[in-house]
Amino acid sequence: MLELSDVAAGYGGNQVLFGVSLRVGAGEAVALMGRNGMGKSTTVKTVMGLLPASGGAISFAGRPILGLPPYRIANAGIGLVPEGRRVFPTLSVRENLIATARAAEAGRDGQPKAPDWTLAAIYELLPRLAERQRHLGSQLSGGEQQMLAIGRALMTNPRLVILDEATEGLAPLIRAEIWACLERLKQAGLAILVIDKHADALARIADRHVILEKGRVAWSGDTNAFRADPGLKDRFLHV
Amino acid sequence: DELKIGLISTLSGPSAALGQHLRDGFLLAVKQRGGKLGGEAAEVIVVDDELKPDVAVTKAKALVDRDKVDFVVGVVFSNVMNAVAKPLAESKTFLISANAGPSTLAGEGCSPYVFSASYQNDQNHEVLGKYAQDKGYKKVVLMAPNYQAGKDSLAGFKRHYKGEVAEEIYTQLGQLDFSAELARIAAAEPDAVFTFMPGGMGVNLVKQYRQAGLADTVPFLSAFTVDETTLPATQGAALGLYSGAAWAPNLDTPENKAFVAAFEKEYGYVPALYAAQAYDAALMIDAAVKGLGGKLDDKEAVRAALKKADFKSVRGAFSFNTNQFPIQDFYLVKVAKRPDGKFETEIAETVFKQYGDVYAAKCPMK
Amino acid sequence: MSLASCAAPPVLQLQGLVKHYGRLRVSDDVWLDVAPGEIHALIGPNGAGKTTLIGQIAGEILSDSGRILLGGVDVTGERPHRRVHRGLARSFQITRLIGGFSALENVALCAQALDGSSFRFLAPVRRDAGLNATAIAALVETGLAERADIPAGRLSHGEKRQLELAMALVASPKLMVLDEPMAGLGKAETQAMIAVLRRLAGQAAILLVEHDMHAVFALADRISVLVEGRIIASGPPDAIRADTAVRAAYLGEEA
Amino acid sequence: MSTTLLLIQTLNGLQLGVLLFLIAAGLTLVFGVMDFINLAHGVQYMLGAYFLAAFAAATGSFALGLVLALGAALLCGVVLERLVLRHLYGRDHLDQVLATFGIILFLNEAVRALWGSAPLHVDIPEAMSGAVRLMPGLLYPFYRLVLIGAGLGVALLLYVLVAHTRIGMRVRAGASDAAMVSALGVNVGRLFTLVFGFGAMLAGFAGALAAPILSVEPGMGDNILILAFVVVVIGGIGSVRGAFVAALLVGLVDTLGRSFSTSLMRLAMDSSAAAQAGPALASMLVYVLMALVLAVRPRGLFPARAG
Amino acid sequence: MSASARHSLLPLLIGAGFVLVPLITGGDVYAVNLAIRIMCLAIAAIGLDLILGYGRLVSFGHAAFFGAGAYAVGILSTHGFTSAPLLIGAAILAGAALALPIGAVSLRTRGVYFIMITLAFGQMLFFTATSLSAYGGDDGLSLPARATFLGTDPFGSPLSFHYVVLALLALVYLGGRVLVASRFGRVLRAGGEDERRVIAAGFPITAYRLVAFVIAGGIAGLAGGLYAEFTEFVSPAYLSWQRSGEFIVMVVLGGTGSLHGAVLGAAGVVLLEEWLAEFTEHWRLIFGPLLVLAALAGRDGLARLLGRGKP
Ligand SMILES: Nc1ncnc2c1ncn2[C@@H]1O[C@H](COP(=O)(O)OP(=O)(O)OP(=O)(O)O)[C@@H](O)[C@H]1O
Ligand SMILES: Nc1ncnc2c1ncn2[C@@H]1O[C@H](COP(=O)(O)OP(=O)(O)OP(=O)(O)O)[C@@H](O)[C@H]1O
Ligand SMILES: [Mg+2]
Ligand SMILES: [Mg+2]
């Protein structure tokens, strides 16, 4: 579904990604891992077209998307929960959710249309948002903002969601709920690319793991292989 | 050698139209003489004062120091005039006003290096005051912007008008909307209104005066409010409104007829008094230089030559007072539509005959 | 309760704090003590009012009622910068750094606040050896010394958090209030941060707001649980871990 | 002072307020909602007036002239946005100030070069000329009533558009984080062009409506721009509702101040001093109002709910 | 060129330029007068840059303090005072004294609100000046005589005027550099980036800003006083909002937050105007787009263009 091959990117003269290749199949969940500053968020930004790539190719659902403006990439069916939440501070919770909402497209390739995420469904998933629906984005607590960012991405009814540290700052209970929710989304056929520091939880939902080290893919393989090799964590994720 | 003349005018900002008339009037005279004045090839250096006194000062200094001009002509506004007069006089350069005539330069502050080819500021206002008095108006409302010229204007009007002043309204400089003031006027029910509202303010006022239905009921006496710079904008709205001036396009002298015709032919619009005054300023220099045979170094001689006013003014009889401001006739003028559809001010009656200003007495020059 | 808290007066006392936003009660009669040298964790669900409470302690948010005492002195109405001079330092949930300043300058700025008057107009501050030494010491303590000259805006997320901490501790505060210092840190960085905080614990009391339970249980001497603006439980980690109400409201299966 | 006079002056204040609102509305939209300081809003107002003068003269019809003028104003706004302003979104406000200041200089001069320095003439359309008797002894120019009506209509339209449509939400969202809106699938570039064009059209509309009662001349937008900013700031940046309230407030304070300040000063001092101080105070009143409002409420009357 | 080299080389070049103007042009009065005008405005622009470039406080009322200085000199002159130190001192004091209450109120607001409230105060002072009938009202006021100093006539000839202003400009510039680099300057700069952070660090930021605002007011007053001596004339136009806008344009065009940028900006604006006006009456058709281009090129303005390279 999403395929990066040999992607290079950076900020100004400062190259951060040196040939990243990875793929997320339809309905698959992939965990992108790595220590702070290894280029995980940069990869996400490059996929979304928020950062120009200096080399390589990216395609989504078979079509090349590299070089397209972000809105066209999003419209192709990618939903983003960005690092740092970035909820709209001057919009109410409800407005945050509906401002960029889109109905699900009729499934391509003869697949049935996935059930629509609606306001009601989001409120059911994250009841806290319903309680705060008239609050402005800026008046939410950190965790509430995080929930809102997730809800907002789902409201675009994507075929692939990218979650960049989506559980940062969430209380343990809520975090658990989010994981459960991701599992359900996966079962409903949604593809997921997830970045998170909770490796154990990731291992429960991810089909495959990709580890970044200094802008390069240092290891990738399926989750069983990841679990089987505790040395991986020591090498790439701890000091 | 060449005659160099600096022309300071306001050519940008909302009041640029006045400056344009002034400049065009002067240039027309030079052009008609084949680019010469007094037989000498004349180079006219036009500068825009931007209606900023400090800009005007630096540009005036540049005219003297860099361009070494023999005369400076122009200046639409009094505050600019006040600012440039001193540095010019210090450098012994003659300044010939084609419009502004502040009292500071007419009275105690008069200077051998300052001539006015126009009028003293109060005079046009006095015309209306005298007219209102003669006409027997009992109660008038006065209105002017809240700045020095505005206050001087109302003072000028009251010099000859002795009736009741129902209200004295000061408006904001650059004011757009006069509905509040017009409502006050309507409520006061005066015999006439006198106003001084130059530039765009005047356009707004005239339009709104007409729209408020006052134009047909309360006579509108004004100075620098309806003239050929604003008539293209107000058009019919100004029809029948009065103003005071020492000149109008239809003034019946052969010189004036020729001037207006030539001006309209050259520039395609009807000249206003600024153009006529600037034209006269050019004729004045023309005559003086001719009389001197081109020798401009003897400042006393130049001054004497200028003072003779040995030229045919488009205003008819014209001479200088002791303060080097003019003595001339003043008229009540009225807005009319010409057969060709254009609007102009036309002379309604003569209010003053060969009139000098009141400040001349305070001027130490004899 | 730890022995230390019995011996000396608390560095921070909150007495019945109340704060409303419209009809929403964000702090609802909060009572809380932090003893000298103690690491006191404040946990609770999202939106419970933890950050708001920190805002009240720091003086950015005015309480509707209740009292705040720092080192036994009532500071309820005092303005934020005055409280800093009484030994309070805080970090922000979302990092707030002077992006154009180097890491060193950021820390030196904080050091400067407590080093006499800053209405000094002549001596170049960059060459102020005293300030720089103090700042370097704080950077060393948080493991950022090598990055001292990098503009703060260009640091990685984890480094920014470390810098926040350095800025808080450079003032040698009596009490540090830290809002989710582990947020956004990887496992490794979290471990490092835990180590730093443990070292600091001797020097200053810490009020720690954090959702990383691993860190909380590794560090805290005492834990208070805030739910909907109320402290529902307060006590040593083991007691909190066992508390069913806390599990239901916040912890869930974790820890 | 009679009650009729007071009534008329109130109506006048209302009408001035509505005109100010028409200008301020577009400004607050672009300024608050898109976080862009557009000093060129004043010249867009001027262009509206010039377009109307030109098109009304060419077609001989005010209505047709108005429609064409609106189209031209929209086009100008769009061209300006595409050519210059879009490169300045998200940049320092001062860059925006510098660029739009340059645009002011350019357009004022261009208008002068094209149409000359002298003011242009625009007639009140026949159907709207004349005065209406509101009550015995209270005649009021019909055109000004139309103006009040148009302003109220625009106010309503805008309020609905900004506060209650998805376009409005997206625009507000885009102001705080354009990249994020784009990453959620909205073509922000086109959206902003649209909003900017719409703002320009509103300014043009105000200019066109003002043309028959005010002098159409180069630079006519400069001073009104300042007043419009005053309105926007008193109301709270980005708040259409605030702009509306503030515009009426400014209109009323200004008009009533001009009418009655001298009489009021007479209560405190002798007559000639009052004649001096009254008008000076009247011209300052709007600014005094703004300073007072901001001193008490540093973010205006209706603080936009920013983060 | 490295950043630090630019920081010391460019100002030196600029200074040398001003020193040499009278020599290069052979004492051409026109050129010297132009340089004096630029330097007067540059002093005011430096004052603005202190608060705008470093403190991020965009004052749209800077001309009010400039005008206050000018009026202080104008009014005292009409009352017969001619001592240069007295007049200049009064100009500085007038600017600073006015800035104190205005700053105290204005600094309650932030961002664009600050821009507008300073504009409001500027306008109030503008209208006050226009109603000062005793001192010419809107027509302004001519200085009866120029200031003297110990029997000399520092402003009498363009040449001595030039070097007096140059010395003052250098003084203000160097003073500004020292200020910005001091403890005080650091707090001011940090406050420009993130005021909450600075308060949390323990600084009452408003007090620092107020002091900076008053200093900027005093500097503008000095510039205004010199300008009054230069034009021998004072008028409300000196306090107009357009002039405040020009100061901002100068600072932004020159590059905010580098004091020599303010000088470059002042020179750029004055010279461009002067030069373009030679070609055509419609010079704004060229000047306007130039400003647009400068804005598009980025916020470091002329200073960066000349230095070629990132800061
Ligand atoms: N806006 C930026 N400008 C310059 N450099 C940046 C920027 N954002 C990130 N970097 C640098 O790029 C590198 C990769 O950053 P990135 O945000 O992709 O890391 P990450 O793997 O997501 O880390 P984290 O877990 O901390 O979020 C880091 O060294 C960082 O310093
Ligand atoms: N300015 C405000 N206006 C209205 N409501 C507010 C405001 N600030 C905070 N709130 C509300 O107050 C509640 C407490 O917020 P606070 O930020 O203190 O939560 P928190 O405990 O820090 O949560 P988290 O762990 O998610 O950061 C939230 O529900 C939030 O929506
Ligand atoms: Mg990241
Ligand atoms: Mg929080």
Side-chain angles (χ1 to χ4, degrees), chain B residues 10-21 144-147 150-151 154 167-184 186-188 199-208 210-213 228-238 267-269 272 343, chain D residues 1-2 4-9 11-13 15-16 19 53 105 108-109 112 116-124 129-131 139-144 210 212-220 222-224 227 251 254-260 262 275-276 278-280 282-286:
Chain B
T10 301
L11 295 169
S12 52
S15 307
L18 313 189
Q20 191 186 335
H21 277 254
N146 185 33
Y147 70 128
K151 289 170 192 156
L154 300 196
E167 279 207 73
E168 224 170 83
I169 305 176
Y170 285 104
T171 64
Q172 191 176 335
L173 203 56
Q175 186 162 317
L176 302 169
D177 186 69
F178 292 91
S179 45
E181 290 75 11
L182 293 176
R184 277 167 78 180
M201 291 186 288
V203 175
N204 293 342
L205 175 63
V206 166
K207 284 182 174 185
Q208 294 166 21
R210 171 75 57 187
Q211 285 158 17
E228 290 72 17
T229 61
T230 57
L231 285 174
T234 53
Q235 303 210 349
Y267 302 111
Y269 61 89
F343 291 84
Chain D
M1 63 188 91
S2 75
T4 340
L5 185 58
L6 190 65
L7 219 70
I8 290 194
Q9 298 298 40
L11 218 50
N12 283 330
Q15 179 258 318
L16 177 63
L19 186 67
L105 292 184
N108 270 337
E109 199 62 40
R112 181 195 314 288
S117 303
L120 296 190
H121 174 73
V122 180
D123 269 320
I124 287 190
S129 60
L139 271 174
Y140 202 73
F142 181 53
Y143 186 76
R144 287 176 182 249
I213 51 174
L214 300 180
S215 157
V216 180
E217 60 188 3
M220 67 185 280
D222 296 0
N223 280 318
I224 206 134
L227 268 190
D254 189 53
T255 308
L256 296 178
R258 267 156 40 206
S259 324
F260 303 117
T262 309
Q276 293 271 331
S283 23
M284 277 184 228
L285 219 48
V286 169

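Convention: sequence-line order gives letters A, B, ...; per-chain numbering from 1. The shown structure was predicted, so the numbers you read here are calculated from the model rather than taken from an experiment. As a basis for the values below, the full set of heavy atoms in this structure was taken, side chains included, without hydrogen atoms, waters or symmetry mates.
Ranked by heavy-atom pairs under 4.5 Å with chain D, the list B/Gln208, B/Arg184, B/Glu168, B/Met201 is led by B/Arg184. Comparing D/Arg112, D/Met220, D/His121 by heavy-atom pairs within less than 4.5 Å of chain B, the highest count is held by D/His121. Chain D forms more heavy-atom pairs under 4.5 Å with one residue of B/Gly202, B/Ser179, B/Gly19, B/Ala186 than with any other, namely B/Ser179.
Taken from CG in D/Asn12 to CZ in B/Phe178, the straight-line distance is 12.5 Å, to the nearest 0.5 Å. One finds the CD atom of D/Glu217 at 7.0 Å from the CG atom of B/Asn204 (value rounded to the nearest 0.5 Å).
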Under 3.5 Å, which donor-acceptor pairs link side chains of residues 228-237 of chain B to any protein atom two or more places apart or in another chain?
{"from": "B/Glu228", "atom 1": "OE2", "to": "B/Thr345", "atom 2": "N", "distance (Å)": "2.8"}
{"from": "B/Glu228", "atom 1": "OE2", "to": "B/Thr345", "atom 2": "OG1", "distance (Å)": "2.7"}
{"from": "B/Thr229", "atom 1": "OG1", "to": "B/Asp227", "atom 2": "OD1", "distance (Å)": "2.4"}
{"from": "B/Thr230", "atom 1": "OG1", "to": "B/Thr225", "atom 2": "O", "distance (Å)": "3.1"}
{"from": "B/Thr230", "atom 1": "OG1", "to": "B/Asp227", "atom 2": "N", "distance (Å)": "3.2"}
{"from": "B/Thr230", "atom 1": "OG1", "to": "B/Asp227", "atom 2": "O", "distance (Å)": "3.2"}
{"from": "B/Thr234", "atom 1": "OG1", "to": "B/Thr230", "atom 2": "O", "distance (Å)": "3.3"}
{"from": "B/Gln235", "atom 1": "NE2", "to": "B/Pro232", "atom 2": "O", "distance (Å)": "3.1"}

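At a 4.5 Å heavy-atom cutoff, B/Leu18 makes no contact with chain D through either its backbone or its side chain. The contact between D/Leu120 and chain B is made entirely by backbone atoms, counting heavy-atom distances below 4.5 Å. With a threshold of 4.5 angstrom between heavy atoms, B/Gln211 approaches chain D through its backbone and through its side chain. Residue contact with chain B, scored on non-hydrogen atoms closer than 4.5 Å, involves the side chain of D/Asp254 exclusively. Of the atoms belonging to B/Tyr269, not a single heavy atom falls under 4.5 Å from chain D. Neither the backbone nor the side chain of B/Ser15 comes within contact range of chain D; no heavy atom of the residue lies under 4.5 Å from a heavy atom of that chain.
For D/Pro212, the side chain to side chain contact (heavy atoms under 4.5 Å, CB included) partners are D/Phe62, D/Val122, D/Ile124, D/Tyr143, not counting sequence neighbours.
In terms of heavy atoms, B/Ala183 sits closest to D/Gln9 at CB-OE1, 3.5 Å. When every heavy atom of B/Ala17 is checked against every heavy atom of D/Ala118, the shortest pair comes out as CB-CA, 3.8 Å.
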